[in-house]
Amino acid sequence: MLGLVPDQLEIPYQEDLDLHGRLIHAAAPVLDKVEGELTGTRVSVILCDEKARVLQRRGGDPELNRSLDGVCLAVGFAFAEQIAGTNGIGTTLASRKPSYVFGSEHFAACMHPFACAGAPIRDPLSGQVEGILDLTCRRSDADPAMLKFVRDAAHAIEQRLLEQATQRERDLLGTFLRTHHAASLPGGPPCGEHEGALPSINDVLGRADQALLRERAAELISSPHRLMAQVELFDGQVATLMRRSVLGPSGEAGIAVEVSLPGEARGARRMSVTAPTVVPPPSDALVIPTAPKDFKPPVPSGAVPEPRMAPPPEPVTAVASMTKETTTEPGASEGWLLLVGELGVGQLALRARQRLELLYDASVRIGTTLDVTHTAEELADVIIPRFADFVSVDLSDAVLCGDEAAHDMGVLRRVALGAILEDSHLAEVGELVKFVPSTPQGRCLAGREAVLEPDLAEAHGWKAIDPVRTERILRFGIHSLIAAPMYARGATLGVVSFYRSEQRAFEEDDLRLAEELVGRAALSIDNARRFTHEHNMALALQRSMLPRGLPSQSAVEVAHRYLPAYGGVSGDWYDVIPLSGGRVALAVGDVVGHGLHAAATMGRLRTAMQNFAVLDLPAEDLLACLDELVDRLDSDQSDGAGIMGATCLYAVYDPVSRNCTLARAGHPLPALVLPDGTVEFPDVPAGPPLGLGGLPFETIDLEIPEGSELVLYTDGLIEERSRDIDVGLALLRRALTHPSRPPEETCKAVVEALLPGRPRDDVALLVARMHALDADQVASWKLSADPANVSKVRGAVTEQLDRWGLEELEFTTELMVSELVTNAIRYAREPIEVRLLRDCTLICEVSDGSSTSPRMRRATSNDEGGRGLFLVAQLASRWGTRYTANGKVIWTEQNLPSPILRHTERTSDHAA
């Protein structure tokens, strides 16, 4: 259950142990005498602290000590049961009673050759376990008598711990024990040895119940008119606390609190509360048990000695009464000493304990998230009602945005408000609050010290904020105020105002506590502010690297979403890249990791992808280039903060052939929504994530019907901790089964269905509805390698432009077609084809069967040739070359005349 493996045990080592503490000081003379008694017995004496960490190891022969070093049973190593499983030290600490562990009873295989006997060492005043005393030897040297020996030695150390208490504490404790627990007087057997002895609280009650009882006992000591109290424990039992006066031998007056639990019939299981039953010896003599002479009896081979456990004590039905007399009733409960103190000291101790508990709760409950507003609300929840009746937290707007607080703190925004009653007339959350310099808040911000106003009715500066509202607040019953500035790391963040009613007005002692509470909260709020600042920077960087507006093209109708993660931005991106020939590239990617580094890496990868796409590289070659780039970027990171991989999905759609080529590198499959509403996940070959290298990427070609939607997304859309990935895909399929919706509505429906709240990981979503060019928008001619065909194709191009109403482009188009076709006939080989596309621009393409790339050069005045591509470049708005499986294509683009362009856009909108 703890994830431990017997043959792979790893014992942690603690360097900064307190080797001069109270326990070691008390145990030193006892261990000296025990070590002397065990000389020659081949037994090691081990002292551990309350966390099962070894503080000292004494005795033992060299061979045994080498064996113990081999299993890390040495100073500094911890053998708690959660770490080492069943063992003499950890099991004793977990059970809070003596234990004997022999051979294979140990959990760890390496501990099987040993036998251990351990006993807890308790503080006689508090009953808490302060340490463990353990005797360890080899199995062949073991004897169950070790258990009684180590228990008596632990009892002697407990007596030494009691001697370290003050004389007043010892006298009060001794007086009470002599009066009500005569069995535990000096000379009597230790607790648990005599019949009817009370077991320890640690054996029957949890720590939460013990803490609750001690807290109520402190309150009872501090209450002069209360004699008893009943406390309901966490398991439903009702414990009774009884308060009595005690008088020490020197005249010390004190208060003792006894606790009892409901008794049952004789012989039934009894519950008890811890009672320190160890008193100091009457003289300076040190009581240490003597080891038996026959300490090493032979153990038959293979025999495992059984530990000699004392029979459970018989229940005693005696209850300590409210007087010094003791009564006995059948079925009554039995009393145990719980706490000893003095009335005045108890009141101060109770207040100090309550303040420490409040500070502890503040350190645990404040700052659980990196959200400024939520942290302020946590402060208000901790304060109310334990320290104040009302509390308000006012911060600068700059702090809420993650920026440094402004120097002018006169106007703040109320971020959190805690109150025991509603309608307190204090400013509500979200309101702007202005503090003039004369107000307590203004003075505390100026001096950076908490300010106390014991009577708000006399605080004229406080009334200056809003006379009407402050008068209502006074009538409501608010009497005193503490204003504490909230500043951290040299910057002032805001102010916290604590309010109390007249029944428990603030005092001077409350100022320091208020400053401490606000100081702890200020550090958490400043951490949240810094996180917000970095998060906003990373988010701004990422958004600046994502496309702000998608380029104009008619092949696809696109809608997109980007949702940053709750815990910080990462490297998700999307892109739409127009290509030559009216084609368009769609891309979605994800960089592993979060923060600025991931966002910056995403920008580099997106820029590289755009450059590779403009070169008209095939999809598989483009991913291969990105893979090499990621590997190179990783190797360039000398500080070890590499990219650690990225995923990508790349698709190229041709509106003429309606063919879509897809390739992916470790990315989730895309979704294809057909016009009839069918949703498919095309089986695109799964390539490795970018940066791994070594494996080629493969593509798949799909013929997509017009009107279909291709949905690309990152893994944050479908993967969630609370659900399986198959559930996410099913939700996505259900959200996409509405083909008649526009892409924008599809994006909205998908986000609502799969991401009802803010995602834990970044999400990029791209929805593209596919369009196809009409047949009357495309014209093509196949030519043979005959120079006479140049004039023929010029005439055909002119006629086609007349039909399209593009007479203004006839001259430049004829010139470009003539130059490109002449070059193809002269320098390339068949097949040769000319194609015109009327889209947002006029596209002219000349393809041939040669893979030789044309090169533009600048002809001199004496050259007879070399001006063809130069003229093409001057006449076209864009031109370039792309390679195909059978050769290459040289393409040009010309802007359409304005009226034609407007007509084309209206036609495209109508078709969409």
Side-chain angles (χ1 to χ4, degrees), residues 219 222 344 347-363 365-366 376-395 412 414-427 433 435-466 469-487 492-522:
E219 295 175 356
S222 304
Q347 292 175 345
L348 297 177
L350 177 61
R351 294 181 61 182
R353 180 189 182 111
Q354 291 173 342
R355 293 189 176 193
L356 287 175
E357 290 177 349
L358 180 59
L359 290 174
Y360 172 77
D361 288 345
S363 64
R365 295 170 55 186
I366 299 176
E377 293 171 349
E378 290 174 337
L379 171 62
D381 292 339
V382 171
I383 294 300
I384 303 298
R386 299 163 68 178
F387 181 70
D389 299 325
F390 305 90
V391 61
S392 62
V393 183
D394 305 314
L395 302 176
L412 302 176
R414 182 137 300 174
V415 179
L417 178 64
I420 59 174
L421 297 174
E422 297 181 356
D423 301 330
S424 60
H425 303 291
L426 296 171
V433 184
F435 297 113
V436 297
S438 62
T439 61
Q441 291 86 349
R443 300 202 308 271
C444 82
L445 288 173
R448 284 194 172 184
E449 290 185 356
V451 174
L452 169 63
E453 286 289 355
D455 188 357
L456 289 176
E458 303 297 330
H460 301 290
W462 173 72
K463 293 181 179 180
I465 301 177
D466 186 343
R469 172 174 279 180
T470 53
E471 189 63 31
R472 294 175 182 172
I473 293 174
L474 291 175
R475 289 199 300 267
F476 185 75
I478 294 178
H479 178 74
S480 58
L481 161 69
I482 290 180
M486 179 175 287
Y487 63 91
T492 303
L493 308 176
V495 63
V496 181
S497 303
F498 304 92
Y499 301 90
R500 279 187 184 176
S501 60
E502 188 174 1
Q503 287 75 11
R504 53 168 192 161
F506 283 116
E507 301 175 357
E508 289 290 338
D509 291 344
D510 295 319
L511 280 174
R512 304 285 79 84
L513 179 58
E515 288 182 337
E516 180 67 21
L517 290 169
V518 175
R520 298 192 180 195

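Sequential numbering from 1 along the given sequence is applied to the chain's residues.
Here Arg504 pairs with Asp389, Arg500 under the side-chain contact (heavy atoms from CB on, under 4.5 Å) rule; sequence neighbours left out. By the salt bridge (Lys or Arg N to Asp or Glu O under 4.0 Å) test, Arg386 is found to be paired with Asp361, residues two or more places apart in sequence or in another chain being considered. Glu357 pairs by the salt bridge (Lys or Arg N to Asp or Glu O under 4.0 Å) definition with Arg353, not counting sequence neighbours. When the side-chain contact (heavy atoms from CB on, under 4.5 Å) test is applied to Arg414, the partners found at least two apart in sequence or on another chain are Ser392, Asp394, Leu426, Ala427, Val433, Phe435. Every ring-ring contact (aromatic ring centres under 6.0 Å, His included) that Phe498 has, sequence neighbours left out, goes to Phe387. Qualifying side-chain hydrogen bond (donor to acceptor under 3.5 Å, both in side chains) partners for Arg472, counting only residues two or more places apart in sequence or in other chains: none. Not counting sequence neighbours, Glu378 has no partner by the salt bridge (Lys or Arg N to Asp or Glu O under 4.0 Å) test. Applying the salt bridge (Lys or Arg N to Asp or Glu O under 4.0 Å) test to Asp455 and every residue at least two apart in sequence or in another chain returns nothing. Not counting sequence neighbours, Arg469 has no partner by the side-chain hydrogen bond (donor to acceptor under 3.5 Å, both in side chains) test. Partners of Thr439 under the side-chain hydrogen bond (donor to acceptor under 3.5 Å, both in side chains) rule, at least two apart in sequence or in another chain, do not exist in this structure.
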List, one per line, each side-chain donor-acceptor pair under 3.5 Å for residues 441-452, sequence neighbours excluded.
from	atom 1	to	atom 2	distance (Å)
Gln441	NE2	Ser497	OG	3.0
Arg443	NH1	Ser438	O	3.1
Arg443	NH2	Glu453	OE2	3.0
Arg448	NE	Thr492	OG1	3.3
Arg448	NH2	Gly490	O	2.9
Arg448	NH2	Thr492	OG1	3.2

Show which side-chain atoms of residues 477-487 pair as donor or acceptor with protein atoms under 3.5 Å away, not counting sequence neighbours.
from	atom 1	to	atom 2	distance (Å)
His479	NE2	Pro454	O	3.2
Ser480	OG	Phe506	N	3.1

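By the 4.5 Å heavy-atom criterion applied to side chains, Ile366 and Arg520 are not counted as neighbours. Proximity of Tyr499 to Phe476: side-chain heavy atoms (C-beta onward) are nowhere separated by under 4.5 Å.
Closest approach of Ala521 to Leu379, counting heavy atoms only: CB-CD2, 3.8 Å. The two residues Ala362 and Leu517 come nearest to each other via the heavy atoms CB-CD2, 3.8 Å.
Here Leu358 contributes atom CG and Leu513 contributes atom CG; the two are 5.5 Å apart, rounded to the nearest 0.5 Å. For the atom pair CG (Asp510) and CZ (Arg355), the distance works out to 5.0 Å, reported to the nearest 0.5 Å.
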